[in-house]
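Written out below as structure tokens is the structure these notes cover.
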There are 2 protein chains.
Amino acid sequence: MGSPGTGGRGPAHTLDLLWGTVRPGRRGPRGGLSVEAVVRAAMDLADAEGLAAVSMRRVAESLDVTTMSLYRYVPGKDDLCDLMLDAASGTPDTADWPDDWRGALEHLARDMRALFRRRPWVLEIPISGPPLGPNNLAWMEAGLAAMRDTALDTGERIRLLMLLTGHVRSEGQRDLSMERAGARTGVAPREWGRVYGEMLGRVLADERFPTLARHVREGMFDSPPNADPEEDFEAGLALLLDGVEALLARRAAAGDDEGPATG
Amino acid sequence: MGSPGTGGRGPAHTLDLLWGTVRPGRRGPRGGLSVEAVVRAAMDLADAEGLAAVSMRRVAESLDVTTMSLYRYVPGKDDLCDLMLDAASGTPDTADWPDDWRGALEHLARDMRALFRRRPWVLEIPISGPPLGPNNLAWMEAGLAAMRDTALDTGERIRLLMLLTGHVRSEGQRDLSMERAGARTGVAPREWGRVYGEMLGRVLADERFPTLARHVREGMFDSPPNADPEEDFEAGLALLLDGVEALLARRAAAGDDEGPATG
DNA sequence: CCCAAACCGTGTACGTCGTACACTTTGGTA
DNA sequence: TACCAAAGTGTACGACGTACACGGTTTGGG
């Protein structure tokens, strides 16, 4: 499971792979495969059977080549996953995004969420560093563009973007874990909250959680905590952006002799 | 890697494991091991060498027993990880938490963050469902208690708690990935931003990211985006709680004929 | 009192994983 | 044309989780 070897020829090569700027090599036979083909095969596998089904062997098998031939195109599995992540991220469609920063950021967050719902396995890929691929940077570009008219400085904009993606990822991972918890016990995802409540209710009856117990007794699990993931997501998003508005309002009130940010 | 078998005797047994309410069984030889001993050994291993080093074989080896004997105490590795998570979570120390909800929630978030800094491997454990262990519930209890005097309803309180833990986890995972990215390239974590900037700067010079390029040209990476994780964490936390305050203010302004929440 | 049931711990084995390494085949270039 | 980098193959190693059958130990019910 670990990486005994070095993996690749350094992060510079990984960057070339991400951006598709690999010199094909003039000598030798023309390769029948390509980085994109390998990545696409891996993505197809992940789409069909989940990330756990993506092994070098299975990917190679689906391409009708041997396992080791993949290593001619990809340094190792970790890098393959990084490539999959960027490829699956795609490019945000900002056509119908509104002009105001809040509306645009809401669209960004929702589009990102839709992406994770479409390809849940993206959330399972361990992030190995800052976003470096073109697609991930395209999302960053869209986010920064959405904030162009705000009074936030560069650091704040990036932080807010990170915060937003963090929220989208967290919420998506929670949804995923709920679904899988349901699959493991054989209960439908929606009914999990019921089981949850029963379990907790039985257990909390005689323990040292007064506040929790009070909430349970007041019917906390009649409508279980995460019954509507969409509402949780939207509420968190709204809270976050409300925080931003508060910050902007504070700033506008404080430095009103200063000119507004020039677009 | 997957779980071909059923793993355990259902989630009810896992709950018993978590709460330490396992009937020892009157017949047969007294076991030299125990669930706690196994979990502790696994945690020691994770503390020393990271979660990747925690395998059934290595845990058994550290306990001077064979691999399979572990399965007498733990249904499988997934459940072991769940147990490790709850055990590592410990119990929040609310002694020096202030009385106001905001201060208390800040302390909760910071204490949680400290926990993840102390045991980074906790963040690598894939969450398999809602919090069910006593320690995780203790954190939930503390969080709910912190909000006892607010005008939030139960659902909102839980959502806020989830949002907070999501933020702490996200930020911790980002720190972790940064550290590991540095380790992989052989660069110190602090210098990563520099490399990041160089890479992006080189790449962005001739591409289709106008806003991003503008920020880069304006010195975005002179002080790299995630140079100070602590500041990022605190800023996000503040933003979040500002959002809550805005919600509370809105609520207070709207329904002032309604009595305040009774503690 | 005794035997069978329950339980602990062991040993072996299977299928899977990532990937190192030596090899043959291929085809552009010096 | 001869060479050699590169594509693709085959084999192998050391891990992993865990199913399964077995022998040893304790204890409860008859």
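Below, chains carry the letters A, B, ... as their sequence lines are ordered, and counting in each starts from 1. Heavy-atom basis, side chains included; hydrogens, waters and symmetry copies ignored.
In this model, the phosphate group of C/dT10 is not approached by any side-chain N or O of B/Y71 to a distance below 4.0 Å at OP1 or OP2. Under 4.0 angstrom from either OP1 or OP2 of D/dG8 there lies no side-chain N or O belonging to A/T66.
One donor-acceptor pair, N or O on each side, does fall under 3.5 Å between the base of C/dG18 and the side chain of A/R57.
A salt bridge does not link A/R174 to A/E179: none of the charged nitrogens lies less than 4.0 Å from a carboxylate oxygen. The existence of a salt bridge linking B/D175 and B/R113 is confirmed by a sub-4.0 Å separation between a basic side-chain nitrogen and an acidic carboxylate oxygen. Salt-bridge check for A/R159 with B/E231: passed, with a basic side-chain N closer than 4.0 Å to an acidic carboxylate O. For the pair A/R58 and A/E49, the salt-bridge criterion is met [side-chain N within less than 4.0 Å of a carboxylate O].
Between A/M68 and B/Y73, it is B/Y73 whose nearest contact on DNA chain C lies nearer the 5' terminus. For B/R27 and A/R27, each mapped to the nucleotide of DNA chain D holding its nearest heavy atom, the one lying further toward the 5' end belongs to A/R27.
As a whole-Å value, the separation of A/K77 NZ from C/dG18 C1' is 8 Å. Distance CG (A/D78) to C1' (C/dT19): 12 Å, rounded to an integer number of Å. Between A/M56 atom CE and D/dA15 atom P the separation is 20 Å, expressed in whole Å. In this structure, CG of B/L51 is placed 14 Å from C1' of D/dC16, rounded to the nearest angstrom. Per the geometry, CZ belonging to B/R72 stands 15 Å off P belonging to D/dT18, to the nearest Å. Computed from coordinates, the B/L70 CG to C/dG11 P distance equals 14 Å when rounded to whole Å. Rounding to whole angstrom units, CD of residue A/E61 and C1' of D/dT9 are separated by 16 Å.
The side chain of B/S69 has C/dT10 as its nearest neighbour among C/dT10, C/dC23, C/dT19. Of the candidate nucleotides C/dA22, C/dC17, C/dG9, C/dG9 has the atom nearest to the side chain of B/L33. In the set C/dC8, D/dG17, C/dG27, the nucleotide with an atom closest to the side chain of A/P29 is C/dG27.
Among A/L80, A/L17, A/D82, the single residue meeting the side chain to side chain contact (heavy atoms under 4.5 Å, CB included) criterion with A/P75 is A/L17.
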